[in-house]
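Below: the structure, in structure tokens.
Since this is a predicted model, take the numbers as computed values, not measurements. Side-chain atoms are counted along with the backbone in the values below, which use heavy atoms only and exclude waters and symmetry mates.
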Amino acid sequence: MKQFIIICNDIKDIWNEIDCIVESKSKYVTHVDNKNMIVTLGDEQYIYRATYSTLSNHTSISGWMITNRAELRIGSDKLKQIVTKLTNRYVVK
């Protein structure tokens with residue numbers, strides 16, 4: 001199963017993103033795990049995390065995205081830090 005991390009600004013942004021994906025892709029959504037903030041669409045899982053998340057417990061990530069709200073709200077240094085952290089952890093060199 002492919003897994004993708006979606007970096008959100010905060011918990012409100014996470015639930016907004018989850019609501020949007022569930023609404024817009026409702027016929028493809030096969031499971032919503034509200035406790036762990038994960039939406040499953042067929043063989044893909046979208047894992048929603050806030051910028052302050054440790055991103056632990058996920059070792060096989062196929063990609064990531066930073067929401068527009070998170071990108072607008074966090075400074076460029078923090079954004080670089082998040083991208084570096086994700087790249088170092090998940091990009092095969």
Approximate separation, where rounding is to 0.5 Å, of Lys2 NZ and Glu44 CD: 6.0 Å
Does Thr67 have any side-chain hydrogen bond (donor to acceptor under 3.5 Å, both in side chains) partners at least two apart in sequence or in another chain, and if so, which? Asp13
Apart from Ile6 itself, what residues make up its hydrophobic cluster, given side-chain heavy atom links below 4.5 Å? Phe4, Ile11, Ile14, Trp15, Ile18, Ile21, Val22, Tyr28, Val29, Val32, Met37, Val39, Leu41, Tyr46, Tyr48, Met65
Ala70 versus Ile66, closest heavy-atom pair with distance: CB-CG2, 3.8 Å
Does Asp33 have any salt bridge (charged side-chain N to carboxylate O under 4.0 Å, His left out) partners at least two apart in sequence or in another chain, and if so, which? none
Donor-acceptor contact present, side-chain Thr40 to main-chain Thr30, <3.5 Å: no
If you take all heavy atoms of Gly42 and Met1, which pair is closest and at what distance? O-CE, 4.0 Å
Is there side-chain contact between Asp10 and Arg69, with heavy atoms separated by less than 4.5 Å? yes
